[in-house]
Structure formats: structure tokens, C-alpha cells
> 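Please see the structure below; I have some questions.
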Amino acid sequence: MAMSTEDLKAAILDKALKSPKAQLYIKDFYACDPDSSPRAIKNAANEMVREGKLTFWSSGSTTMYAAKGRAKNEEGDQGVN
Amino acid sequence: MPKHATPLLDQLESGPWPSFVSDMKRQAEKKPEVWDILGQLELSYHDRITHWKHGGIVGVFGYGGGIVGRYSDVPKQFPGVEHFHTIRVNQPSSKYYSTENLRAICNLWEKWGSGMTNMHGSTGDIILLGTKTENLEPFFWDLTHELGQDLGGSGSNLRSPACCLGQSRCEWACYDTQEACHQLTVKYQDELHRPAFPYKFKFKFSGCPNDCVAAIARSDFAVIGTWKDDIRIDQAAVKEYIAGNYPSNGGAHSGRDWGKFDIKKEVIDLCPTQCMWMEGGELKIDNSECTRCMHCINVMPRALRPGKEMGATVCMGAKAPILEGAQFATLIIPFVKVTKENEFQDLVDLIEKAWDWWMEVGKNRERIGEAMQRVGLPAFLEIMDVKPMPQHVREPRSNPYVFWKEEEVEGGWERDIKEFRRRHAM
Amino acid sequence: MGYDPKNPMEGRITDLGPQYYGKHLPPIIANNKGKWLYHEILQPGVLVHVSETGDECYTVRAATCRLISIELIREICDIADKHCGGFLRFTTRNNVEFMVDSKDKVQPLIDDLKSRGNKFPIGGTGAGVTNIVHTQGWVHCHTPATDASGPVKCVMDELFEHFTSMKMPAQVRIALACCLNMCGAVHASDIAILGVHRKPPMVDDERIGPVCEIPLAIAACPTGAIKPSKAVVDGKEVKTVVVNNPRCMFCGNCYTMCPAMPLSDPEGDGIAILVGGKVSNSKSAPKFSKLVIPFLPNTPPRWPETVAAVKNIVETYAKDAKKYERIGEWAERIGWEKFFEKCDIPFTDKSIDDYRLAYDTWRTTTQFKYTKATAQYTE
């Protein structure tokens, strides 16, 4: 049984906050609920960005996720996300 | 008045080719921050090294793509380019513009950015070069509200799809590349703006095998026009070519005297499958042997045209060299109808089948072409529900290391070693 | 009205997509879409397309630098407003195309373009050298091994005559990418000018902790040359990485993921030349460009070594190849050993591949024959 969206988001946030890695690939969240599809997990993570709980970090070619305020950036520029 | 001396860049103002330095100097008169672009570039010409650094988390709210963060590493010298982020604006299909729209984009970029652009970026977007973090949201507001336009892709997203000019101004286009490109871009807005995949994913649409948008070299999903019936021949026009009344190759070789047009030498003998000949003053083609390479059609556009039953070949998995080496796209579907009547459903089915698999098994930063290599073409074809056929390979494998599955082998793999030993002593 | 920073979500619009292309087509194009019969290049840079309706579309193609200002775009708009009913298009190779619906409008358009100095050279059609597709270089990129707009300007100044004429055996497509990431995807060009690094990354032990995810930097290396390590900074032990230099392939992937590992260097960086690639399926299958000159130094502002190398290859090819033969087809016909000899390019071990090779039996072309196996798609 896949988790409810709310439970899935809570699990994603928990991982984003507690992982030793500040920035995570979307695949790193797949383990939050093995029963949820990659698409459901991606949609939940992107929704959490809209809710201001996660931010994107992009190398330009690759995009990662971080809990708000955790992303590492050379500038210390926190952007607008 | 120039803000910085640029003796090295000034040497790029002479010569017959247009000078980006002269252009930037003209722009700097109205947008003084361009003096700082020139100043920093002059420093790079002196130092022979870049002075830009990357910024990872700028963007517009809720989008994971479309903005690439950039900062100067010498901001005190060049404060006008301290922040210098790139904005990608999704181009309309095949890059036609009304001047009304182009002027509106210019006005917006004068207001919120540096005034410098790339028309266009390598993937196809309008690239607006250089703005500050605080300008991103107001720019995006104006772009969406005033111009009704949107950002393109970057990062682990669907990248802005691109197409050749197709039927709009080419007699060879075998399907409507502009419409396919537009419809699928609109359909996949979420994937274009928000990361969805292990890495980038590109669609490109070429109308014929000449492949003017380099789909086979540059896209994960390449839709290249082709046909399945016979090349249309106008025998009267063939005679005009032979008589020298029509220029060969649409006049492409007219700058040099290559001698009189010789249909045997220039068309028949260059056909890669040798499936053409002259008979009774007429050009004959054995279409069952034709591989639709376009050469004869390219050389005699007024005499030869693609067939009437048109569609596309789908090839998948192209990419530039990073990391596993460059790959061209591999033939997956030999022929598919491409039509807006069914909202391009045949393409949609293929795309989504591939995405579902790649999102599941693709490694971080692994393009689908690399994932295809990792699992092997036979496994990928199975995932795509495509029956293997000789057209999928240039030649059969030369090594014998077949990964047989247990169910393919009579009696399976479970055997009794004790039973074996009774007949075979150690 | 406009953006309100206090209410950023109020009235926000997203996911509009690109503007519908139909709004941007000049009438001559919109009226004849799908009806074109044939085309002809009337002179370098000038094409006519003839429709089954009897309409004719005349196109004048002119180069731009790709890196262009809004002032220049406005000038392009002025030209299109005056001659073309307010429409234009850009090509995938950074040329701009002005279209008119009758022959008598062509010469005034050409005269106008020519009256504007060297801003809009007309050409880039047929068997010639068209505009160079390229990347950002030192003007905007954080990982380049060379500049882009500068070398392009210098090469095209030298090859200008071939942009405005059609004397080549076939079209010559040149591309420049300023590092191995190849944003410009130069790997299938007749001639590729490629920025290359030759020094392994330095590791900034002080900055790597604060600015990088160390596991990402390690994972970014295609050859596994980066390993976790420890260093002492201000008397404290910190986590860092160490690079096994002999295994470095100078791709810069680590720097993309970790800014504390810069590898650019004035002496280390320069340009490699690759030749013989093509994208079109015409005659022969698409081909990769092959590395023939492993390194030329960065010599701004005019890059004389690179300009000379490109010019030499173009002119040797122009003299020797047969009509319709692309550079790669010519090189394959005469043999690569003859290519090096005729172009007087010294062959080195750097042109011998010692990286990975795979998938060489997959079909990477649209060329195939219909048989029973394809019947499921064609019936």
C-alpha cells in the first residue's frame, strides 16, 4: 500500500532534514516509501517546494532537493525559492 | 564613454564577420552594466581563464528549471555583473517571430536584464544573459502576464523541445514538426518546469532524414520524418536536370564549375543501396531496396519527392560525450504515424513508457541512452514492448555471450547434481 | 499592476508553455504550409521556395553572432517591419532569415542589409561554410576551457569568403564547444573546435566542506579518481577529497558538482580539433567527429593557431574532395592516414582511443529496409 500524500511528504521532509547529505537526488527519496511510484514521489517533492519546505539546487545540468536553508551554495545566496 | 579599457577585445572589432564586441559597446551606451561584461571579458582575455562562478539555488518560485545561476568572481571590479543569471525563455516552434513579440521581449529585457541575449541557446531556447536575483520574480511576472510566455527547461527536467522548420517552408517534411513540438511541449509543462528525472531529457523533431535539428545526435527522443511508399518521380523534371535546365542540388553548388550535371555520377552511383538506374530515358527506383537517405531527393528536388505515406522513425538515447562517450540515437521504432488527429498519441505512449522505466531504474545523472547501454538493447526493447528485428542493429553480435533466461531453456535450470554424479564420476 | 513582492503568489501564472508558433508565421508561410513543391538557392544566402498554389517565398539569410544585444534585435525588427510585414525567423545555426513574398522585394532587402556595415553578411547556404554554432565561453560560462565568441569571430573572419560563396564540395558545418561538456554538442560536426582542460582539479581543503557535498564530488568522477580524504585546516581536521591525478580525464564533472575543485588554467587549457562528423543521413550514416589535433594553446585575442588549423583543413578538403562529399566521407574514402598526410597534421597517440567503447553494433541511423519484421508498423 502506498502512503498517503501527507505521510509521504512527512517522510520526505524527515529524510531531507536528517540525512547527512544536505542535497538529495529525487532517487534518494524513493526509499521513503517503496510502494509509491517514482512519479508520485517526484510530485510530492515538487509540491513541497511550492509549500516552501524544500528548495531546488541546480548545477545547471542536474537538479537536487534540499530542506529549506540546507542547500550549499558558494555565494550564500539563498535565492527566492 | 567606455568604463574600462579593452585593448584585447578591441582587436575583435576588425574583419568582415560581425563583431560581438562592437555590438556590446553599442548596447553599453544604453545599458551601462554591459561595460562591466566587456571589462570582465577583457580580464579573461588577459588572464586566459574564466571569471564566472556557478550559483545553484536561484530560480523563480516553484520552478526547478529555466534559470541558471551565475556570479562574477571579481565583483568589486565589475559590480554591474556581480549577479549575472541566465534566463531561458521557451522559443516558439522553429523560431519564427513576429517583430511585435520580439520587441516586447527586448523591452522586458531592457527593463529587468543586461540587454544581452543569445538567439538562441544550443537546445533552442531564447537565452537572456545576465540579471540579478531580485529581478527574477518581477521578470517572470511580466513574461507570463504581459507576454503570455514561459521559461524553458534546465537541470533534471524535460528540456525545451525543438524542431526544424518542417512543412512551414520545406517540401521534404514528412510530418508537421512544429505542431508535434508545440503540442508535446504544452502537454509536458510540469516535466519541463519541475525536475522529474534522473537527468536531462530532450525531444527533437526533424521532418526528414536530413535531420536539420540534429535530433539523432542530440536528443534522448528523436522523431525523424520518413515514408513507407515509393519516392515520387516527375520524369519530365528528371529530363530537365539531365539537360542542365534545372540546377542540381537546388543550386547549392553553383559557385564552382563542377562540369555538366551527370545523373549517373551524381545520383545513381552515389545511392548507398544502388537501387536506381536509367531505363528508356526514365529514372527507375527499386523502392524496396531504398533506405530513404535523401541524397537523390536533395540533388533533384524538382524531380523527386518523398512518398505520400509519411510518418517518422523514432530513435532514442543520443547524448554528448559526458560521461560514457558520445552516443547517437538508436533506432527503436522504424515507422510511426505522427498526427495531431490523435494528439500524437503514438509518440506519447512511447515517451511515457520510456519515462516510467527510466524514472525507476535510471541512476543519478544517467541519461536514458546510458541506461539503455547498461541494461542492453534487448532488455530495453522488451521494456518498450518492441519486438527485436534486424533493423535494430547494424550487424548481429559477434560474441556468443547471450544472457539466456531460464524460461527460454528446455527443462529450466534446476538440476540434480547427485543424479549427475551417478553417471559422471569425479 | 505587476509583481508584488508582498504577495508573490497572488495572481501567479505558471505553465503557459511557448507561444503558439502559428501567431508568428508570415502570411506567405502560413498560407502555404504543407504545400511547398521545391526550392532553389538563387545566389549565396538567397532562397526561393515555390508552392503548389503558385506562391513564391524568397528568403534572405544573414549571419548573426548568437551573442547579440537587444539593440541589434531591434534593428533586425526594423528591417523585418520595413521589408517583411513584421515577421522573421532564426535558424538553428544562429542565422536570421528575412522572408518576402515576391521577387521584386528581394533586392531592396539585400541593399538594406548591405547598407548596415558588416552587421548582416548574407550567405550561409548550400555548399559553403555556414555560421558556427557555439557555446558561451568566457562571456558567461563557469567551466570553459576557452572562449567561444572570440575564436568564432576569428575563424569566420578568415573563412568569410566561404560563407558568402558556394564553392565547397558539400556543406561544411563548424561548431565550437568551450569544454568537454559540449553544450554545443559538437560531436557530429564537419569540424569541431573543442575547449579542453589538461590539468587535474585543485582541491580547496578550506572551502570544500562549506560549499560542497563531498559524496557528490566523488560520485561525479567518471573514472573513480576522486577519493575521500582528510586535511588539517587551522589546526582542525576536516573532511576533503584527494585526486588520483593519472586517472583524471579532465572532464570537469567534479567542478560542476563542487566549486572547490577548480581545474581551469591559462597554460593547461586550450583547443582540440575534431573533424569528419555529420548529422544528416544523406548517403552515409551520421558520424562522430574524430580527434585530429589534440591541443592548440589559448592565444587571445585572435587565436592564430586555431584559425590556421581550421582554414588548412577546409582548404585541403575543398581542393581534394569530390562533389557532394562531406569532410568525413572524404576522409573515409581517402583513408584517415591520407587525411593526416594531405592536411600535414602530425598524428599522435592522442588520436588513438583509449577510453571506453561500447554499443558499436546498434543501428544508429534511420536507414533500414522494410521487411516482414516491420510489417507490424507499416500495415
Side-chain angles (χ1 to χ4, degrees), chain A residues 2 5 8-9 12 15-16 19-81, chain B residues 52-73 75 82-83 85-86 88 123 132-138 140 153-157 159 190-191 193-200 320 322-323 352 355-367:
Chain A
T5 308
L8 183 58
K9 284 184 183 173
I12 289 172
K15 174 126 191 169
S19 167
K21 293 191 280 181
Q23 287 148 230
L24 295 151
Y25 287 108
I26 190 64
K27 274 192 91 85
D28 297 331
F29 294 120
Y30 287 5
C32 292
D33 179 21
D35 292 334
S36 287
S37 71
R39 188 167 270 127
I41 290 166
K42 175 266 289 186
N43 286 340
N46 287 341
E47 211 170 293
M48 291 167 72
V49 172
R50 284 195 286 279
E51 292 163 0
K53 292 175 187 148
L54 297 181
T55 55
F56 294 125
W57 178 92
S58 174
S59 73
S61 60
T62 313
T63 314
M64 305 181 76
Y65 297 82
K68 194 165 175 67
R70 274 198 89 189
K72 293 190 178 181
N73 207 30
E74 201 177 5
E75 275 307 297
D77 182 303
Q78 290 305 299
V80 288
N81 273 4
Chain B
W52 297 108
K53 51 185 185 174
H54 183 65
I57 51 180
V58 293
V60 297
F61 185 80
Y63 275 18
I67 312 281
V68 181
R70 194 70 81 232
Y71 299 92
S72 169
D73 71 7
E82 180 177 5
H83 301 197
H85 311 314
T86 308
R88 296 180 180 174
T123 302
K132 295 178 195 307
T133 304
E134 59 267 30
N135 286 350
L136 292 171
E137 284 295 338
F140 182 67
S154 66
S156 306
N157 299 23
R159 300 303 184 84
D190 189 40
E191 286 79 1
H193 294 305
R194 296 164 198 91
F197 307 123
Y199 206 17
K200 62 182 88 165
I322 294 288
L323 299 167
E352 296 190 356
W355 279 356
D356 283 345
W357 169 75
W358 180 49
M359 287 167 77
E360 184 89 41
V361 311
K363 295 181 179 174
N364 296 326
R365 307 191 78 213
E366 183 180 58
R367 293 283 285 269

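Below, chain A is the first sequence line, B the second, and so on; all start at residue 1.
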> Can you list the residues that meet the side chain to side chain donor-acceptor pair (under 3.5 Å) rule with B/E366, with sequence neighbours excluded?
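For B/E366 the side chain to side chain donor-acceptor pair (under 3.5 Å) partners, ignoring immediate neighbours, are B/R374.
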
> Could you walk me through whether B/K363 and A/Y25 pass side chain to side chain contact (heavy atoms under 4.5 Å, CB included), step by step?
CA-CA 10 Å; B/K363 295 181 179 174; A/Y25 287 108; over 6 Å; no

> What distance do B/Y63 atom OH and A/N46 atom CG have between them, rounded to the nearest 0.5 Å?
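That separation rounds to 12.0 Å.
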
> When rounded to the nearest 0.5 angstrom, what is the spacing between CZ in B/F197 and OG1 in A/T63?
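With rounding to 0.5 Å, CZ (B/F197) is 11.0 Å from OG1 (A/T63).
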
> Check each atom of B/R70 against the heavy atoms of chain A and say whether the ones under 4.5 Å are side chain, backbone, both or neither.
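It is neither, since no heavy atom gets under 4.5 Å.
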
> Please find the pair of heavy atoms, one from B/P195 and one from A/F56, that lie closest to each other, and give the distance.
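That closest heavy-atom pairing would be CG-CE2, 3.3 Å.
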
> With side chains defined as the heavy atoms from C-beta onward, is the minimum distance between B/N364 and A/T62 less than 4.5 Å?
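In short, these two side chains do not touch, never coming nearer than 4.5 Å.
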
> Which heavy atom in B/V361 sits nearest to a heavy atom in A/K27, and how many Å separate them?
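Smallest heavy-atom distance, with atoms named: C-NZ, 3.8 Å.
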
> Can you check whether anything in residues 31-42 of chain A gets within less than 4.5 Å of chain B, heavy-atom wise, and list it by number?
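Those residues of residues 31-42 of chain A which have a heavy atom under 4.5 Å from chain B are A/P38, A/R39, A/K42.
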
> Using the test side-chain contact (heavy atoms from CB on, under 4.5 Å), find all partners of B/K132 that sit at least two apart in sequence or belong to another chain.
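By the side-chain contact (heavy atoms from CB on, under 4.5 Å) rule, B/K132 matches B/H83, B/E134, B/N135.
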
> Can you confirm whether A/S58 sits close enough to B/V68 that some side-chain heavy atom of one is under 4.5 Å from a side-chain heavy atom of the other?
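Heavy-atom side-chain distance check fails, nothing below 4.5 Å.
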
> Could I get the full list of side-chain contact (heavy atoms from CB on, under 4.5 Å) partners for A/A16, not counting sequence neighbours?
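Testing A/A16 for side-chain contact (heavy atoms from CB on, under 4.5 Å), a comparison that skips the adjacent residues, returns A/L24, A/F29, A/L54, A/A67.
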
> Let's test your reading of the structure: which of B/G362, B/G65, B/G153, B/P198 forms the most heavy-atom pairs below 4.5 Å with chain A?
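Option with the top pair count is B/G362.
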
> If you round to the nearest 0.5 Å, how far is CZ of B/R194 from CG of A/N43?
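It comes to 9.5 Å.
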
